[in-house]
Enquirer: 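Just dropping this structure here.
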Amino acid sequence: MNCKCPECDADIEVTDVLAGEIIDCPECGVELEVIQVEPLVVELAPEEEEDWGE
Amino acid sequence: MSIQPTPHAGDEQAIALLTDLVSTASPSRQEQAAVHCCVEWMRALGLSASVDASGSAVGVLGEGPRQIVLLGHIDTAPGNVPVRRDGDTLYGRGAVDAKGPLAAFVVAAGRLRVLPETQLVVIGAVEEECATSTGARHALTQYRPDACIIGEPSGWDRVTLGYKGRLLLDYTLQRPMTHSAGQERGACEQAVDYWLQVARWAEQFNVGRQGTFATVDPSLRDVRSSSDGLTERVEMTIGLRLPPGLDSSTLEAALSSLASGQASVSLRGYEPSFRADKRSPLVSAFLASIRAAGAKPGLVTKTGTSDMNVVGPIWGCPIVAYGPGDSSLDHTPNEHISLTEYLASIEVLRAVLTRLANTLA
């Protein structure tokens, strides 16, 4: 399965990934979330927010 | 985005469960009526339920060999918030922290009935709010889960990855009375001096640290003073929220060195900070399930402390905290929850557990 990195346009090729999995772009290192497996669709992974309370 | 959960035949029952739990007061160490209420609801929804040795409610569904623990807590912060429903909003102590998440666990488990090769354990733990975590510590001795979800309000479309640590400090100073017109500083003044030194120590520690998860945050929780005319006494409790990497011996050395010779400083309730791995099958299941429900998922770390700090380091399994509700309402007189959000979280949990059972296979 392959697609393009939405950040740097590098080719991304993966096997055995799950929807929701976080992977790294092999070129720019940005974290990507697997949105869909077939065909492979990725987006920038959610940034970690900080929040108050429990 | 607006929340549009798929209507479910059991939605009114789910709301009744949450309303029952919120209507049954359960401040820490007074949880028994709510625990029995929770056990009855667990049974009504098909779980095998009982009260465990810690006094917590436990409901079990299915058999192993895989085990997923849903660890909520049934105790609340003190204070009576009158229970009332206003349209989509349910007001009451614990609606957010954390009976909403616990009720969502129970209903989601009940809707699943059975997962292949998987045992689901839903716990309504006692004493999460009073720095003893009695229910969670008992659970540590009973289970070895393959995955764990802590029941705390993240919002239905977000997942909590970590919590800051916590330390409570008790300061006591007793000394002979002096005249207020004299040169010596009185006990109350010395206590204030100590507090200011702790605040300054934290300020220096935090220089160059980015984000609230990385900083030490002290708060003055309580000050009590008394005098019998011959001696004066002051007691003060300081809370510290801790970043990763600050151990108890380092803290003890630093905080004790700030006190004058006559004062005593004792530490309690230490929990180290904990952050879960976001590259786990559990996080993947949440991200995919929240997206499938029509939202863009978020990841969050919290300034508070939860039972994740207690069980996360010991169990070492994939772990997150999840639940409906806005955690900025925790412990406030305005505590309330959106019932639409609560219902949406139940369906997210159901989808997560289904995905997880397949992923862990």
Side-chain angles (χ1 to χ4, degrees), chain A, chain B residues 73 77 96-98 101 128-129 150-155 157-164 211-214 275 277-292 296-308 321 323 325-332 352 355 358-359:
Chain A
M1 293 173 283
N2 48 43
C3 67
K4 297 278 188 189
C5 172
E7 184 77 1
C8 71
D9 211 34
D11 288 320
I12 295 172
E13 192 170 341
V14 292
T15 54
D16 289 337
V17 289
L18 296 167
E21 197 167 327
I22 294 174
I23 60 174
D24 294 326
C25 170
E27 283 295 316
C28 68
V30 73
E31 290 183 336
L32 301 167
E33 178 191 344
V34 176
I35 305 298
Q36 184 180 301
V37 176
E38 287 182 12
L40 182 64
V41 177
V42 298
E43 281 185 15
L44 294 177
E47 299 266 342
E48 283 181 41
E49 303 165 47
E50 292 183 330
D51 202 358
W52 302 98
E54 289 170 40
Chain B
H73 67 91
V96 173
D97 184 13
E128 191 274 345
E129 296 286 358
I150 301 292
E152 294 285 1
S154 55
D157 55 355
R158 302 195 307 174
V159 183
T160 302
L161 292 177
Y163 290 90
K164 294 186 79 167
T212 55
F213 204 75
R275 184 197 290 264
D277 181 5
K278 67 180 165 189
R279 292 167 194 253
S280 74
L282 181 57
V283 173
S284 300
F286 267 104
L287 296 182
S289 299
I290 292 168
R291 280 195 188 274
K296 185 168 180 163
L299 300 172
V300 65
T301 54
K302 296 291 189 81
T303 56
T305 302
S306 80
D307 279 340
M308 183 191 286
D326 174 357
S327 61
S328 70
L329 297 170
D330 292 358
H331 303 196
T332 69
V352 163
R355 281 177 191 265
N358 295 324
T359 308

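Within every chain, numbering begins at 1; the chains are lettered A, B, ... in the order of the sequence lines, protein sequences first and strands thereafter.
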Enquirer: Name the region of B:F213, side chain, backbone, both or neither, that has any atom closer than 4.5 Å to a heavy atom of chain A.
Expert: both

Enquirer: Under a 4.0 Å N-O cut-off, is there an ion pair linking A:E48 with B:R275?
Expert: yes

Enquirer: Quick one: closest heavy-atom pair of A:P46 and B:G298, and the distance?
Expert: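 Shortest heavy-atom contact: CB-CA, 4.3 Å.
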
Enquirer: When you compare the side chain of A:E54 with that of B:H73, does any pair of heavy atoms fall below 4.5 Å?
Expert: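 Yes, their side chains come closer than 4.5 Å.
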
Enquirer: Considering heavy atoms only, which positions within residues 12-19 of chain A lie below 4.5 Å of chain B?
Expert: A:L18, A:A19

Enquirer: In terms of heavy-atom pairs under 4.5 Å, which option from B:E152, B:R279, B:R355, B:M308 contacts chain A the most?
Expert: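 The answer is B:R279.
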
Enquirer: If you measure from OG on B:S154 to CG on A:D51, what distance do you get to the nearest 0.5 Å?
Expert: 9.5 Å

Enquirer: Who among B:E129, B:H331, B:K164 has the most heavy-atom pairs with chain A under 4.5 Å?
Expert: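 Going by pairs under 4.5 Å, I would pick B:E129.
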
Enquirer: Not counting sequence neighbours, which residues clear side chain to side chain donor-acceptor pair (under 3.5 Å) with B:T332? List them please.
Expert: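 Side chain to side chain donor-acceptor pair (under 3.5 Å) check on B:T332 returns nothing, list empty.
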
Enquirer: Rounded to the nearest 0.5 Å, what separation is found between the OG atom of B:S284 and the CD1 atom of A:I22?
Expert: 7.0 Å

Enquirer: Please enumerate all residues that pass side chain to side chain donor-acceptor pair (under 3.5 Å) together with B:D277, with sequence neighbours excluded.
Expert: none

Enquirer: Do we see a donor-acceptor contact under 3.5 Å between the side chains of B:T212 and A:E50?
Expert: yes

Enquirer: Roughly how far apart are A:E43 CD and B:L287 CG, rounded to 0.5 Å?
Expert: 11.0 Å

Enquirer: When only pairs under 4.5 Å are counted, which of B:P153, B:S328, B:S289 shares the most heavy-atom pairs with chain A?
Expert: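 Greatest number of close heavy-atom pairs with chain A: B:P153.
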
Enquirer: Is chain A contacted by the side chain of B:L329, its backbone, both, or neither, given a heavy-atom distance below 4.5 Å?
Expert: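 Answer is neither: B:L329 stays 4.5 Å or more from chain A.
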
Enquirer: Which residues, numbered in order, of residues 25-41 of chain A come under 4.5 angstrom of chain B by heavy-atom distance?
Expert: A:E31, A:E33, A:I35

